[in-house]
Amino acid sequence: GRHHILVAARHTDHDAFGGRTTWDGEYGYHITAHTRISAAVGTAFRAPDATDRFGYGGDPNLQAETSRNIELGLHHQINHQQSLALSAFDNRIKNLIEYDLASSKLMNIGRARIRGIEASYDFQTRTWGAHIEAIAQDPKDEISGEPLARRAKHTVTASLFYDVGPYRLGADWLATGKRKDSPFSDVYNAGYGLLNLTALMHINQRWTLQGRLENVTAQHYTLADGYNTAGRSLYVELRYGQHQG
């Protein structure tokens, strides 16, 4: 009927970090035929891989990450072409693995918390499609009280595509706010906006030609202080795939 319930569990037997059980529970209720409210809570476990422990900047003494996330959501189907979604989340993480520029190695952050809200809008017809998503969050190191490194408080993403015959044209845009560069510095990397364009042509049932122009406006931006990022870039790809009859 109007109720939707999901319960899931997983047990991981890791050779270096032992057995860990994670779970997820979700409940949704249709308050009308087009509007659904939901609540979810779950846990997660991530063991550092071999690169994290023994690669460049790795630390063999890293601990595994564990987390608990709570989310409340609202989804509304405006009509058969448009929908809106809104959610609030609270994610607590223990032993978050982050890279520390001061020591040039990975490290664990004892307790971290990311709280925020996320809103999205979708539009879909036979030829046109669009998706817009905005996130406002507070990513914080609960030990020091400082913002988590390289995590913006505000982010907006948007994508648009148009299908006609064997062709697809698309554009996607990302805008993000400033981010703290490192837990051990006062440097903030400035916010930036990136625009990318794509064009795809299905030559026949097996061959596809695609072109992608990234960073159309040649935006200068920084993901890590002192490291350059790519300017305007063009990629062309020819792909062959067996037709699935």
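No experiment lies behind these values; they were computed from the predicted model shown. In what follows, residues are counted from 1 in the order of the sequence shown.
One finds no salt bridge joining Asp59 and Arg53 here, because no Lys/Arg side-chain nitrogen approaches an Asp/Glu carboxylate oxygen to under 4.0 Å. A salt bridge is defined here as a Lys NZ or Arg NE, NH1 or NH2 lying under 4.0 Å from an Asp or Glu carboxylate O, and Asp52 with Arg46 meets this definition. Between Asp163 and Arg168, at least one side-chain nitrogen of the basic residue sits less than 4.0 Å from a carboxylate oxygen of the acidic one, meeting the salt-bridge criterion. Salt-bridge formation is detected for the pair Arg92/Glu142: a Lys NZ or Arg NE/NH1/NH2 atom is positioned less than 4.0 Å from an Asp or Glu carboxylate oxygen. With respect to Arg151 and Asp141, no salt bridge is recorded, no charged nitrogen being found less than 4.0 Å from a carboxylate O.
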_Please determine whether side-chain contact (heavy atoms from CB on, under 4.5 Å) holds for the pair Trp23 and Val41, giving the CA-CA distance in whole Å, both sets of side-chain angles, and the decisive distance to 0.1 Å._
CA-CA 9 Å; Trp23 54 269; Val41 59; 3.7 Å; yes
*Would Ile97 and Asn108 satisfy side-chain contact (heavy atoms from CB on, under 4.5 Å), going step by step from the backbone distance to the final call?*
CA-CA 5 Å; Ile97 298 173; Asn108 286 113; 3.6 Å; yes
*asked:* Test side-chain contact (heavy atoms from CB on, under 4.5 Å) on Val156 and Trp173; report intermediate values, then the result.
replied: CA-CA 8 Å; Val156 177; Trp173 178 67; 3.9 Å; yes
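With hydrogens and angles disregarded, no donor-acceptor distance shorter than 3.5 Å links the side chain of Asp172 to the backbone of Ser159. Of the possible polar contacts, one joining the Thr32 side chain to the Thr35 backbone as a donor-acceptor pair under 3.5 Å is found. Using a distance-only test at 3.5 Å, with no hydrogens or angles considered, no donor-acceptor pair links the side chain of Gln82 to the main chain of Gln77. Without hydrogens or angle criteria, Arg179 side chain to Ala190 main chain gives a donor-acceptor distance under 3.5 Å. Between the side chain of Asp225 and the backbone N or O of Asp181, no donor-acceptor pair lies under 3.5 Å. Not a single donor-acceptor pair under 3.5 Å links the side chain of Glu98 to the backbone N or O of Met107. Between the side chain of Thr155 and the backbone N or O of Lys153, no donor-acceptor pair lies under 3.5 Å. A distance-only check finds no donor-acceptor pair linking the side chain of Glu65 to the backbone of Ile93 [under 3.5 Å].
With values rounded to the nearest 0.5 angstrom, Tyr192 atom OH is found 12.5 Å from His220 atom NE2. With rounding to the nearest 0.5 angstrom, the CD1 atom of Ile117 is 12.5 Å from the CG atom of Leu72. Taking CZ of Arg113 as the reference point, atom CG of Asn91 lies at 10.0 Å (rounded to 0.5 Å). Rounding to the nearest 0.5 angstrom, the gap separating the OG atom in Ser38 from the OH atom in Tyr29 is 14.0 Å. In this structure, Phe123 CZ and Asn79 CG are separated by 8.5 Å, a value rounded to the nearest 0.5 Å. Between atom CD1 of residue Ile135 and atom NE2 of residue His154 there is a gap of 11.0 Å, rounded to the nearest 0.5 Å.
One hydrophobic cluster holds both Met201 and Val164 under the rule that ILVMFWY side chains link at heavy-atom gaps under 4.5 Å. Linking ILVMFWY residues whenever their side-chain heavy atoms come closer than 4.5 Å, directly or via other members, leaves Val187 and Tyr227 in distinct clusters. Linking ILVMFWY side-chain heavy atoms closer than 4.5 Å, directly or via other members, places Leu84 and Trp128 in a single hydrophobic cluster. Side-chain heavy atoms closer than 4.5 Å link hydrophobic residues (I, L, V, M, F, W, Y) into clusters, and following such links, possibly through other members, connects Leu223 to Leu194. With hydrophobic clusters built from ILVMFWY side chains whose heavy atoms lie under 4.5 angstrom apart, Leu62 does not share a cluster with Phe54.
Scanning all heavy atoms of the two residues, the minimum distance from Gly193 to Gln219 falls at O-CG, 3.5 Å. Between Ile114 and Phe89 the shortest heavy-atom distance is O-CD1, 3.8 Å. Of all non-hydrogen atoms in Asn69 and Glu71, the two that sit nearest each other are ND2-OE1, 4.0 Å. Residue Ala230 comes nearest to Asn215 through the heavy atom pair O-ND2, 3.3 Å, listed as atom of the first residue, atom of the second, then distance. The minimum heavy-atom distance between Ala199 and Leu169, with the atom names listed, is CB-CD2, 3.9 Å. Across all non-hydrogen atoms, the minimal contact from Ile132 to Ala158 is CG1-CB, 4.2 Å.
Heavy-atom contacts from other residues, nucleotides or ligands closer than 6.0 Å to CZ of Arg68 number more than 12. Within a 6.0 Å sphere centred on NE2 of His4, heavy atoms belonging to other residues, nucleotides or ligands number more than 12. More than 12 heavy atoms of other residues, nucleotides or ligands shown are found within 6.0 angstrom of CG on Asn204. Counting non-hydrogen atoms of other residues, nucleotides and ligands closer than 6.0 Å to NE2 of His11 gives a total above 12. Annotation: Tyr167, atom OH; neighbour count of heavy atoms from other residues, nucleotides and ligands within 6.0 Å does not exceed 12.
The residue from Asp24, Thr21, Thr22 that alone fulfils the side chain to side chain contact (heavy atoms under 4.5 Å, CB included) condition with Arg10 is Thr22.
Aromatic ring pairs are classed by plane angle as parallel below 30°, tilted from 30° to 60° and perpendicular above 60°; the pair His14 and Phe45 is perpendicular. Using cut-offs of 30° and 60° for the angle between ring planes, the His76 and His34 rings count as perpendicular.
By the side chain to side chain contact (heavy atoms under 4.5 Å, CB included) test, Arg232 pairs with Leu213, Ala218, sequence neighbours left out.
Counting heavy atoms from C-beta on, the side chains of Gln124 and Gln81 never come closer than 4.5 Å.
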